[in-house]
Amino acid sequence: MASSTPYTIKWGIMATGWIAETFCKDLLTDPAARDVHDVRHEIVAVSSSTSADRAAAFIKKIDGPASTSTYGSYAELVADPRVDVVYVATPHSHHFQNAMLALDAGKNVLCEKALTVTAAQARKLVAKAQEKKVFFMEAVWTRFFPLSIKVRELIASGEIGTVYRTMADLSFNETTDEDDGRVSFPDSHRMVNKDLAGGALLDLGIYALTWVFQTLYHVQPSSSSSSSGKESPTVLAAMNKYHTGADENTSIICHFPRSRAIGVATTSILVGTSPHGKTTAAPAIRIQGSRGEIQVPHPAFRPTSYSVIRREGDGAVEVVECPIPTDPKRDSWGHGMFWEADECARCLRDGKKQSVTLPWEESIAIMETMEAALRQGGVEYPEQITTDVYDAKSPLNTGNQ
């Protein structure tokens with residue numbers, strides 16, 4: 001008989017920025033508010049690379065437990081024996097060194113997207129997870145939405161026939177009122193700063209690619225003809241670069257010859273998926289099959305509905321609402337990151353080292369796609385953030401302390 005006691009996972013949080021805040025607030029919601037009863041979450045440690053005081057201020061800000069350990073270094077966090085899994089919430093420029101620090105310490109890891117800056121780094125992280133026999137997953141939260149799961153099920157069941165094309169976009173118009181081709185934030189901002197692996201693709205475009213991959217790659221049947229079992233795409237990309245050298249406007253065609261499918265992923269910081277910012281009358285994602293299509297509205301990272309338009313019939317649109325549940329006991333908070341956390345807990349409970357929803361091979365394939373696009377666009381990043389040589393004392397790990 002299955003236990004009626006929820007499996008509890010104890011989290012260590014690496015970094016204290018806005019993404020860590022959002023994730024932690026979701027961890028603190030009651031799982032029952034989203035009809036989850038088999039797993040639960042505790043925050044037991046938080047680290048800042050600059051000071052323990054900053055970590056303590058973070059806990060206070062999110063109304064976290066007073067028993068949380070606070071550290072002024074990442075090394076202290078990964079050495080904490082109470083921590084079951086480390087959530088890496090640093091900029092993606094830092095992910096390889098930071099995730100490797102945790103994996104090398106024998107910790108399970110959930111690492112924010114984009115997983116790394118290069119595919120070689122992603123492969124090294126997977127190899128380290130295998131060596132240490134620990135769980136490792138990229139935190140592409142949208143993958144774990146019930147909405148995404150339902151869309152994949154519709155595709156797999158043949159509801160819209162054979163899917164031949166997916167078009168996906170995530171873009172935000174960040175231009176100034178002067179319309180001079182400049183964005184409204186400074187060159188030091190992570191979105192355009194090459195030292196932080198800035199650019200539209202790694203920050204926004206990964207969501208467009210997430211939809212291409214989960215609708216054209218993930219749903220593929222395995223094949224013995226390739227080492228990974230699935231067909232990775234050939235990649236054709238076009239990019240315009242911002243004056244900092246980061247990409248500002250990127251389009252990627254992913255060609256899957258074996259399945260006769262094509263995915264088009266676009267992203268930009270000069271124009272928006274929606275002219276009005278947060279709302280739009282047009283879909284961000286169109287998944288087109290031989291018997292109809294599925295449309296998903298903007299924003300691609302946090303959709304709350306999808307539509308099915310079938311070839312047969314009178315052209316009626318079936319709209320399915322998928323609201324994100326909130327917890328009234330936590331100021332009605334609920335952003336949607338708790339579903340990926342629940343997946344981590346279940347994997348740890350069941351002894352799994354990777355998630356079938358986002359396996360290692362797929363994260364690597366997506367990184368290979370982005371790397372190919374960046375190479376074709378002529379975008380190059382500094383050696384410090386592209387090296388695949390692990391250094392526990394790297395400034396990316398120590399914060400220059």
Pair up each side-chain donor or acceptor in residues 124-136 with any protein partner under 3.5 Å, not counting sequence neighbours, and list the distances.
from, atom 1, to, atom 2, distance (Å)
Lys124, NZ, Asp388, O, 2.9
Lys128, NZ, Asp104, OD1, 3.1
Lys128, NZ, Glu131, OE1, 3.3
Lys132, NZ, Asp104, O, 3.3

If you count every heavy atom of other residues, nucleotides or ligands that lies below 6.0 Å from Arg190 atom CZ, does the total exceed 12?
yes
Is the CD atom of Glu153 crowded by more than 12 outside heavy atoms at less than 6.0 Å?
yes
Counting C-beta onward and ignoring hydrogens, is there a side-chain heavy-atom pair between Trp11 and Asn108 closer than 4.5 Å?
no
Within the 3.5 Å criterion, strictly below it, is a donor on Arg260 or Thr162 matched to an acceptor on the partner's side chain?
no
Taking side-chain contact (heavy atoms from CB on, under 4.5 Å) as the test, write out the residues that go with Ala392, two or more places apart.
Leu101, Tyr390
Atom pairs and distances, donor-acceptor, side-chain atoms in residues 83-91, under 3.5 Å, two or more places apart:
from, atom 1, to, atom 2, distance (Å)
Asp84, OD2, Lys10, N, 2.8
Tyr87, OH, Glu112, OE2, 2.6
Thr90, OG1, Asn98, OD1, 2.7

Non-hydrogen side-chain atoms of Glu231 and Ser259 separated by less than 4.5 Å
yes
Please check: side-chain N/O of His95 versus main-chain N/O of Ala114, any donor-acceptor pairing under 3.5 Å?
yes
Sorted by chain and number, sequence neighbours left out, salt bridge (charged side-chain N to carboxylate O under 4.0 Å, His left out) with Glu76 holds for none
Mark yes or no for whether Gln220, through its side chain, and Lys230, through its backbone, hold a donor-acceptor pair below 3.5 Å.
no
Between the side chain of His92 and the main-chain N/O of Ala197, is any donor-acceptor distance below 3.5 Å?
yes
Identify whether the distance between the nearest side-chain nitrogen and carboxylate oxygen of Arg123 and Glu368 falls below 4.0 Å.
yes
How close do Cys254 and Leu209 get, counting heavy atoms only, and between which atoms?
SG-CD2, 3.9 Å
Between Lys194 and Tyr381, does a side chain to side chain contact (heavy atoms under 4.5 Å, CB included) hold up when you go through it step by step?
CA-CA 6 Å; Lys194 284 179 60 178; Tyr381 293 115; 4.1 Å; yes
Any donor-acceptor pair under 3.5 Å from Arg54 side chain to Thr16 backbone
no
Quick one: does Pro303's side chain get under 4.5 Å of Thr142's, heavy atoms only?
yes
Any donor-acceptor pair under 3.5 Å linking the side-chain atoms of His94 with those of Asn397?
no
Whether the side chain of Ser332 engages the backbone of Pro328 through a donor-acceptor N/O pair (distance < 3.5 Å, no angle test) should be reported.
no
Polar contact flag, side-chain donor to acceptor under 3.5 angstrom, Ser394-Gln97:
no
Donor on one side chain, acceptor on other, Thr166 and Thr215, under 3.5 Å:
yes
Report the residues that fulfil ring-ring contact (aromatic ring centres under 6.0 Å, His included) with Phe145, sequence neighbours left out, ordered by chain and then residue number.
Trp141, Trp339
Could you list the donor-acceptor pairs under 3.5 angstrom formed between side-chain atoms of residues 180-189 and any protein atom two or more places apart in sequence or on another chain?
from, atom 1, to, atom 2, distance (Å)
Asp180, OD1, Thr176, OG1, 2.9
Asp180, OD1, Arg182, N, 3.0
Arg182, NH1, His243, NE2, 3.4
Ser184, OG, Glu174, O, 3.4
Asp187, OD1, His243, NE2, 3.1
His189, ND1, Met191, N, 3.0

Would a distance-only check, ignoring hydrogens and angles, find a side-chain to backbone donor-acceptor pair under 3.5 Å from Ser148 to Phe144?
no
Is atom CZ of Arg349 surrounded by more than 12 heavy atoms (other residues, nucleotides or ligands) closer than 6.0 Å?
yes
